[in-house]
Amino acid sequence: MKTNQSIHDFNPRAAGFRCGLEIHQQLYTEKKLFCRCPAGLYSNDYDAQVLRHMRPTLSELGEYDGTALMEFKTKKEIIYRLNKKSVCTYEMDDTPPFPINQKAVDIAIEIALLLNCAIVGELHVSRKQYLDGSIPAGFQRTAIVGVNGWIPYKDRKINIIQLAIEEDACREVSDVGHLRVYATDRLAMPLIEVVTAPDMLDPQESYEVGVQLGRLLRATSKVRRGIGSVRQDVNVSVTGGTRVEIKGVPRLPLIPDLVHWEACRQYSLLGMREEMKERGIKQDNLESERFDITGQLSHPAIARLSDDSFKVSAILLKGLSGLLVHKIGFDRTFADDVAGRVRVIACLQHRPVMLHSDDTSVSGFSQRDLELLSSITGRGKDDLVVVVWGPMIDVETALNEIEIRFKEAADGIPNETRQVLSTGETDFERILPGPNRMYPDTDSPPIVISSDRVAAIRKKLPELPWDREKRYKEMGIPHHLSWMLAISPRAILFDKLTSNNGVAPKLTAVVLIELIKHFNRLGGNPDSISDSDLEALFLLYQKGAFSREGFRLLIEGRAHEKDADWMRIADKIGIRKVDNKEIKDAIERMVVSLNDNGTVDDDLKNKVAMGLVMKDFRGCVPGVDLAQMVSEFFSGSDTPV
Amino acid sequence: MNIKSNKGYKGASLSVFKDFNVGVWSDVKITTTDGEFEGIILPRIETADDRHIVLKLVTGYNIGIEIGTIKTIEERGSKEAHYKIPEKEFPFDPVKPNVVLLGTGGTIASRLDYRTGAVIPAFSPGELYGAVPELADICNLKTHKLYGVFSENITPEHWLGTANAIKREVDKGADGIVIGHGTDTMHYTAAALSFMVKHTPVPIVMVGSQRSSDRPSSDAALNLINATWTAAYSDIAEVMVCMFGPTSDDYDLLHRGTRVRKMHSSYRSTFRTIGDTPIARVSNGKINLMKNDYKKRNPERTLELDTVFDDRVSIVYYYPNMKPDIIDSLVDNGYKGIIIAGTGLGHVNKPLYKSLQRATNSGVHIYMTVETLWGFVQMYVYDTGRDIMELGVVPGANMLPEVAYVKLGWVLGHTHDREKVAEMMLTPFAGEITERETIDGYLIMQGGLPEIEKFMKEIHV
């Protein structure tokens, strides 16, 4: 097939690549958003199970949402696992919401202000429908806190469409056939969703803006960290296409590849649309016919599954031959796109999920099967036959979806959300939900955000990380340390310690960032060392209780000795206050014993003495001072011969 | 100047509308001191303040804008919302049973009310078919909207009207009746219909929902499907309540109308049969009986109505240190019947005695029930009980307080003769008094016990 747009000539900027991000970040609060359950209590143990089915409902403006209808077609049984420590009857949707967690709202306002958003006068809690079952109620409670913000990037602004505060959804445990299981520990934890405009113009920019936003959130020290605490969705489109959302990108570095291949897929689908147009195929004139061919084909994938409850069906699609092998990615064809959709909506689990007459590879139909198919369906050389098999009702759904997917192809790119594949490409997840999934939460009254409250939060806004980073670099702190320190919760302590000619900035940064990391690697919990602990440590240093090298020893000591008192740790590891006489005496003793050993080389004596003295006074006195004293000893008048 | 709607807006916010010639449903760009907001102006809850305008953003979210921050509002068009469930004509199949759904209100079918921001009942067969197409697989459905009231606003008038409507539909040949009702007082209506509708030849099934049908996780559809199935095919010709057994979307229980009670303010599985087992469970087009002492379906039988009610009846929920003026004021206000929900086996304090005596002397009928809900009244065990009986207070066996209340009003609609009232009150007409309490009639599982923990983990609760 020849098309004027294929993956080989794809160039993101030339294709009109646009990308926007949706960053979901958990907030650091003690309790959940609409109930008083503890937040951040994760466990795979559960005490009870609840079963639900989801049904589509109407939006506030009286329309059904496309995703909702699709999820209903999949007819899933959804099991929620409930742990009584982390979940109450609110999360299982058997109790109406409690008043919103105002601490979470404060954090959301703070972040919205950092993003230069206009803050709303009233929060209106809405229900955002999720019929995949990821929330037992079938909707997520969510409210806009701010709109129309921006962050600086390169020499321009990246616009922020909105910031919403919302409750987190369940964790999926498994999804097999018609049964999906969810863990509920994460459910209902406070979360913010930051939505950028599609202002990123190539894949690398998408990544960089993601990093920038992530750093801004981290810099508040009021967001959760760790696996699953931040998740991003990425919206991608190319000129002439439509917005497609890649859901749940787990790590930012994956973004460039993912968005590149997604844009490429769209570009190639637009090429396929042109091809269909040339063949005269439109949404409303696509001809198809279905055939029950149970028991007729000998293909091993089908034969394997043959049993009484299974059905094998073929759909003849007129004039569509060749389209399923149209390349839409590095290693993917349009058949993969269709199969992904059939797998999700019809709940067919086997692989391959379908077979078709375009597939001439060894895994395709045998010549005998192809001839049989042609004679049953009357397939001409321009026609396509797709075969699906499985439980009767699912096969019916599958045939419908195949037909719908081709009709959509004639129109271009369907609005979809897509899931991340391990190959760096994406596959169908569900139909992209629209504004019709939103519905006012009739259980919650509007919540006034007073201008006084906003002003009070504005007054205490943390410094922006990029401003901080610049300042730290100007203080002479190496790049990697300024980068980390700018978003560290220790940044405020750093500023305090280094102000008014306090401790040297570089040393402070090394201790607060690198040594704390070192402590973590040794098995210590960084949170167990409070800011005031560190302040005390620096005070001891300033009083001369130990040398620069002592920081590392004391922090290692804290990890090993499981003790929180710096002086006791110092004692245990032999750090103490020493005077010059003690050191001189020690050097003298060592040199005497070296002489007794018969060591004659002064240089060698110097080195050995230095090593031994360092061992004794490490951490107590700066190494340079010790070296000086040793060399003075050797060059001085009182050198014993 | 064209007149624009001002739904819910008043005072200051309304004058902002006038200043900028906009109104509800206007598609606007609002410039404030904080920045710009674009969207459609939505109606506002009437009880909310007059300092904010509600805007629906293009993303579907709603926000409120403080009017003090508004600099300009520019109207760009308008889009009025019409909340409507797609209406489809309910198909007719001559071999399927005919079921009539009577609507009284409640959240079995509901839509959003912009005035209050809450859900209001909505109801039509076409809408129901649009929302729950499975109903067409069960029966031919006709619907009649009798009332559109929240269940707290149900009165004896509604009970009488509903009973009359049942008679009319059954006489016309309905194979079963389903009654949509708000859940809060469903058990009162169930009791009233149990007494007022006699010898029903077909099932009469009351149904509601604990999560409104505008939510994807609503129990409305499953309740309605199971209730309709019960009405169409079950053998049980009684007044029943059909609501979720567990909170899971699993099965419904069929409760006898005189033994059922709403037991949780928000759970889906809120309805429980008290002091007995439910009659049956229903799911996936199957009815599993739990007992056999029910009245069987019989098309030959003729339904009779007994629609009387004297509403000069009250319930007194006893608490320690209750003062006699509570009883006195009822008597002085002309009440003719009092149901006491007493402590334990059926007791009240001594200070009430004089007032109770005065009440019975003046012809007020007083019946004792228990606020423990489970168990029989037994007033011989303690002297207190004997003393209270001496005053003319009659033990009401194991009638639930609400059921005894409905029954006393119904009985007093027939007679005020002391002995006749007592005879009727103590004769079970519809299972409101049981001869014995079955050993599985009182089961309240307690969390924390290992065997219950095991049950909860393995079975969908």
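So you know, we letter chains A, B, ... as the sequences are listed, proteins then strands, and number each from 1.
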* Stacked cation flag Arg281(B) on Tyr251(B), 6.0 angstrom / 45 deg ->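 Ring-cation test returns yes.
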
Sub-3.5 Å donor-acceptor pair from the side chain of [X] to the main-chain atoms of [Y], do we have one?
| X | Y | result |
| --- | --- | --- |
| Glu166(A) | Arg141(A) | no |
| Arg44(B) | Gly8(B) | no |
| Asp94(A) | Thr89(A) | no |
| Arg52(A) | Met92(A) | yes |
| Glu245(A) | Lys247(A) | no |

* Classify the angle between the aromatic ring planes of Tyr80(A) and Tyr182(A) as parallel (below 30°), tilted (30 to 60°) or perpendicular (above 60°). =>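 Tyr80(A) vs Tyr182(A) ring planes: parallel.
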
Let me know if [X] has heavy atoms under 4.5 Å from chain A in its side chain, its backbone, both or neither.
| X | answer |
| --- | --- |
| Glu458(B) | backbone |
| Phe37(B) | both |
| Ile53(B) | neither |

* **Option that, when pairs with chain B are counted at under 4.5 Å, heavy atom only, ranks first among Ser126(A), Ala137(A), Cys117(A)** =>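 The residue among Ser126(A), Ala137(A), Cys117(A) with the greatest pair count is Ala137(A).
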
* Among Leu82(A), Thr142(A), Val125(A), which residue forms the greatest number of heavy-atom pairs with chain B at distances under 4.5 Å? ->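 Most pairs with chain B among the choices: Thr142(A).
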
Which one wins on heavy-atom pair count under 4.5 Å against chain A: [options]?
| options | value |
| --- | --- |
| Glu66(B), Glu453(B), Glu38(B) | Glu453(B) |
| Thr32(B), Asp250(B), Val54(B) | Val54(B) |
| Ile63(B), Ile459(B), Asp34(B), Val461(B) | Ile63(B) |
| His52(B), Glu36(B), Arg51(B) | His52(B) |

Side chain from CB out, backbone as N, CA, C, O: work out which of these in [X] comes under 4.5 Å of a heavy atom of chain B, or both, or neither.
| X | result |
| --- | --- |
| Pro445(A) | neither |
| Glu77(A) | neither |
| Leu123(A) | neither |
| Ile449(A) | neither |
| Ser450(A) | neither |
| Ala143(A) | backbone |
| Asn148(A) | side chain |

* **Over 12 non-hydrogen atoms of neighbours within 6.0 angstrom of CZ in Arg76(B)** =>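 Counting neighbours around CZ of Arg76(B), more than 12 heavy atoms of other residues, nucleotides or ligands fall under 6.0 Å, so yes.
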
* **Residue Met263(B) excluded, over 12 heavy atoms near CE under 6.0 Å** =>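 Check passes, neighbour count above 12.
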
* Stepwise, does the side-chain hydrogen bond (donor to acceptor under 3.5 Å, both in side chains) test hold for Ser444(A) with Asp441(A)? -> CA-CA 6 Å; Ser444(A) 303; Asp441(A) 183 26; 2.6 Å; yes

